[in-house]
Amino acid sequence: MIGLVWLEAVLEWLRVVSVLALGGVVGSFVNVVAWRMPRGESVLTPPSACPRCGTRLWWRDNVPVVGWLVLGGRCRFCMGRISVQYPLVELVVALVFVAVWVLWYADVDRLVPGVDLEGLGAWRPEWASAGFVATWPMFAMTLVLIACLVAAALIDARTFTIPLLLTWAPAAIGVVGHTAHAAWGGQLWRTEAVWTMPLGGSIGLGVAIGGAVGLMVSWVLWGFGVLPRSFADYDAWAEEAERKRAPARVDDEAGEDSQDVDPGAGRQFALAVVALVVPVFAIGVAGWALGGRVGGSLGAVVGLLIGMALRRLVTAGDQDAGESDDPLWVQYPHARREMGKELLFVVPAVICGAIGGVMAVRLGFAEVAPLWARVCGGAVLGYLVGGGVVWAVRILGTLAFGKEAMGLGDVHLMAGVGAVTGALVPTVAFFVAPVFGIAWFIWAAVARGGRGTALPFGPHLVLATLVLMLCDPVMHWVGAWFTPP
């Protein structure tokens with residue numbers, strides 16, 4: 001009997017190690033993507049080579065984490081240093097993959113015989129109790145999403161841009177994968193969960209159909225030039241602005257990091273983020289106490305508007321006259337004008353979505369639609385809501401303050417998250433991300449002796465998303481807020 005218990009434990013650990021190895025390999029590919037994609041190079045060819053001497057690496061040098069450790073962090077041929085980022089990214093992706101497997105599918109009692117790990121069961125989504133065989137497409141889609149998120153965070157941290165391919169890939173895989181799984185797999189057996197993400201009922205299905213139609217109409221009109229492209233003159237303006245800034249750069253100290261900010265800027269940054277976040281939670285909780293879910297939702301929206309105004313007040317006057325430390329894209333002077341163009345793009349989706357929602361409720365779409373149609377609608381709704389929340393803040397914040405509040409890359413990023421996870425995760429992640437932003441700045445300031453490091457919002461969105469994907473108790477509570485028991 002004891003031997004059987006230990007055999008089951010060994011088999012369970014073999015599964016964990018297999019997922020760990022898969023994560024390491026994917027993490028190695030993420031490193032390649034993060035290095036080559038911003039440079040416009042192919043991520044498939046040529047094979048990996050030393051970035052310093054260009055010598056093609058041996059296969060054993062590419063073994064995730066182990067290869068770097070064996071080489072002592074140096075190239076075998078030129079002895080140049082290999083960045084510690086490579087093994088760290090491989091290790092992080094591997095550990096996140098393992099965390100997903102352990103929390104969703106592993107038999108925790110067999111992992112460590114004799115040790116009570118029953119508490120981990122509370123972190124398992126209800127649908128995961130159907131087992132890996134019934135839900136493996138969701139696991140595969142999640143791994144693809146994680147890889148794209150990590151790659152996007154690395155690139156955004158370096159370049160302040162997010163390649164759209166890293167957002168379109170999970171979006172397409174989410175919509176197609178969920179729909180195909182529902183069409184071929186049917187109901188999730190061994191569980192009462194309808195699906196692996198919220199579906200939204202009749203109104204959600206109608207909004208998804210209408211919003212998707214409206215979005216396609218906007219894309220067609222934009223493609224034929226009927227709708228104008230926003231920020232079309234940005235490149236020309238940026239080139240001129242760079243020429244004007246060039247003389248000032250000559251006087252800069254050699255090797256100075258342009259992303260470094262002094263402690264005063266750090267305090268200003270933290271104060272600005274607190275001013276933005278606190279009203280959302282405070283007024284949201286007050287609204288929930290007075291008016292339940294509807295009051296809480298309206299309170300959060302009002303708090304966001306107040307927080308944006310407070311953030312503007314606390315950051316006013318922190319710049320020298322005629323000079324700005326903001327990134328160049330934030331200094332673009334016509335941001336308000338460009339938001340009018342983006343509003344024109346959004347309007348068809350909003351109107352068609354509203355019409356679709358009303359018609360769906362009247363016709364009872366959810367009662368007559370097959371499962372695959374409802375699941376497809378849930379994925380599309382997640383895409384629209386995930387991107388729509390960020391886009392709404394981008395438009396409203398830019399109109400209010402005259403500076404680009406959020407990047408379009410962030411909009412596409414959270415839309416891709418919504419297509420895989422549903423609408424709740426990207427929505428909640430957007431409001432949790434500023435907390436990670438404050439934590440990052442404090443940590444960076446302490447680690448660097450009082451000088452923090454500014455980061456774009458994308459990495460914080462990614463971290464918030466990953467945490468919420470693994471914290472099912474939090475998402476279950478949030479889901480209960482918006483839907484009846």
Side-chain angles (χ1 to χ4, degrees), residues 137-138 140-142 144-149 152 162-183 195-220 222 342 345-357 360 365-366 369 372-395 406-430 433 458 461-462 464-466 468-469 475 479 482:
M138 182 61 182
M141 288 186 287
T142 300
V144 172
L145 175 62
I146 291 171
C148 291
L149 289 177
I162 298 176
L164 293 183
L165 181 61
L166 295 177
T167 66
W168 291 342
I173 291 173
V175 174
V176 175
H178 278 296
T179 306
H181 183 200
W195 202 248
T196 57
M197 65 178 178
L199 300 184
S202 291
I203 188 171
L205 180 56
V207 169
I209 296 174
V213 170
L215 197 59
M216 287 187 288
V217 169
S218 295
W219 272 109
V220 171
W222 180 83
E342 295 190 11
F345 190 93
V346 172
V347 165
V350 174
I351 294 177
C352 292
I355 294 174
F365 273 8
W372 67 265
R374 287 184 287 150
V375 168
C376 180
V380 173
L381 183 66
Y383 178 87
L384 295 174
V385 173
V389 169
V390 185
W391 210 344
V393 173
R394 167 183 166 84
I395 293 175
M406 300 285 298
L408 270 177
D410 298 326
V411 174
H412 287 280
L413 184 71
M414 301 314 287
V417 171
V420 175
T421 66
L424 280 181
V425 170
T427 303
V428 178
F430 178 74
L461 286 172
V462 168
T465 299
L466 293 178
L468 291 175
M469 286 171 60
M475 298 312 303
F482 292 101

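Since this is a predicted model, take the numbers as computed values, not measurements.
Between the NE2 atom of H412 and the CD1 atom of I162 there is a distance of 10.0 Å, given to the nearest 0.5 Å. Atom CE of M197 and atom CE of M141 lie 7.5 Å apart (nearest 0.5 Å). If you take CG on L149 and OG1 on T167, they are separated by 10.0 Å, rounding to the nearest 0.5 Å.
In this structure, the side chains of V375 and H181 stay at 4.5 Å or more apart for every pair of heavy atoms. Considering only heavy atoms from C-beta on, L408 comes within 4.5 Å of R394 through its side chain. Side-chain contact between L145 and V417 is present, with at least one heavy-atom pair separated by less than 4.5 Å.
Taking every heavy atom of both residues into account, A369 and L205 meet most closely at CB-CD2, 3.8 Å. The two residues C352 and G210 come nearest to each other via the heavy atoms CB-O, 3.0 Å. Contact record, C148 with A169: SG-CB, 4.4 Å, taken as the closest heavy-atom pair. Closest heavy-atom contact between M406 and D410: CE-OD2, 3.7 Å. Smallest separation of non-hydrogen atoms from A429 and T465: CB-OG1, 3.6 Å. Residues P426 and G418 approach most closely at CG-CA, 3.7 Å, considering heavy atoms.
Under the side chain to side chain contact (heavy atoms under 4.5 Å, CB included) criterion, V385 pairs with L381, V389, A423, T427, sequence neighbours left out.
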Inset, instruction - May I have the step-by-step check of side-chain contact (heavy atoms from CB on, under 4.5 Å) for L413 and V462, ending in yes or no? - result: CA-CA 9 Å; L413 184 71; V462 168; 4.0 Å; yes

Inset, instruction - Go through V175 and C376 one step at a time and tell me if the side-chain contact (heavy atoms from CB on, under 4.5 Å) criterion holds. - result: CA-CA 6 Å; V175 174; C376 180; 4.3 Å; yes

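Screening residues 373-393 for ring-ring contact (aromatic ring centres under 6.0 Å, His included), with sequence neighbours left out, gives F345-W391.
H178 places a side-chain N or O within 3.5 Å of a backbone atom of V420 that can act as its donor or acceptor partner.
Atom CG of L164 has more than 12 neighbouring heavy atoms from other residues, nucleotides or ligands inside a 6.0 Å radius.
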